[in-house]
Amino acid sequence: MSLLVHYTLTSAADHDRQAAAMAALIAGLRAEGVAAHYAAFATDDPTRFVGLLEYDDEAGKRSFLDSAAFAAYRETVGPTFANPPQTTEIRAIATTRA
């Protein structure tokens with residue numbers, strides 16, 4: 001199971017803050033041992049970012065959503081979003097990932 005997340009910031013001036021917050025989110029998730037995989041990506045537009053959350057089941061998804069790292073991330077950069085992150089549930093049909 002996967003969730004594709006699109007983030008748009010109100011200002012390109014917040015790009016570095018967002019990138020740093022995503023790096024801190026990843027470090028925090030690893031430290032907490034969250035049962036989900038999260039990857040963050042910047043785009044050519046400095047106000048747009050994409051995230052990919054992969055989880056085996058609802059418990060894995062919940063471990064991400066309930067993590068202290070995700071709470072800290074939301075608190076740090078939530079005010080910089082132009083609108084709430086847009087999410088789409090997706091499923092892999094082919095991958096090179098083991």
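Among residues at least two apart or in separate chains, ring-ring contact (aromatic ring centres under 6.0 Å, His included) pairs with a member in residues 7-36 are Y7-F81, H15-F49. Sequence neighbours left out, not one pair with a member in residues 79-92 passes side-chain hydrogen bond (donor to acceptor under 3.5 Å, both in side chains).
When all heavy atoms of T10 and A82 are compared, the pair lying nearest together is CG2-CA, 3.3 Å. A pairwise comparison of heavy atoms in S2 and L52 identifies CB-CD1, 4.1 Å as the closest pair. Pairing each heavy atom of A36 with each of S63, the nearest pair is N-OG, 4.3 Å. The nearest pair of heavy atoms linking P46 to L9 is O-CD1, 4.1 Å.
By the 6.0 Å contact criterion, CZ on R17 is enclosed, its count of non-hydrogen atoms from other residues, nucleotides or ligands being greater than 12.
The side chain to side chain contact (heavy atoms under 4.5 Å, CB included) test applied to A40 returns M22, Y38, not counting sequence neighbours. Applying the side chain to side chain contact (heavy atoms under 4.5 Å, CB included) test to A71 and every residue at least two apart in sequence or in another chain returns R74. Checked against side chain to side chain contact (heavy atoms under 4.5 Å, CB included), L65 has the following partners two or more places apart in sequence or in another chain: K61, R62, F70. The side chain to side chain donor-acceptor pair (under 3.5 Å) test applied to T47 returns D45, not counting sequence neighbours. Legend: residues meeting side chain to side chain contact (heavy atoms under 4.5 Å, CB included) with A72, ordered by chain and number and at least two apart, are absent. Applying the ring-ring contact (aromatic ring centres under 6.0 Å, His included) test to Y73 and every residue at least two apart in sequence or in another chain returns nothing.
A distance of 5.0 Å separates CG of L4 from CD1 of I90, quoted to the nearest 0.5 Å.
Checking side-chain atoms of Q18 against main-chain N and O of V77 turns up no donor-acceptor pair under 3.5 Å.
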Return a table of donor-acceptor pairs under 3.5 angstrom between the side chains of residues 53-60 and protein atoms on other chains or two or more places apart.
residue: E54; atom: OE1; partner: R97; partner atom: NH1; Å: 2.9
residue: D57; atom: OD1; partner: A59; partner atom: N; Å: 3.2
residue: D57; atom: OD1; partner: G60; partner atom: N; Å: 2.8

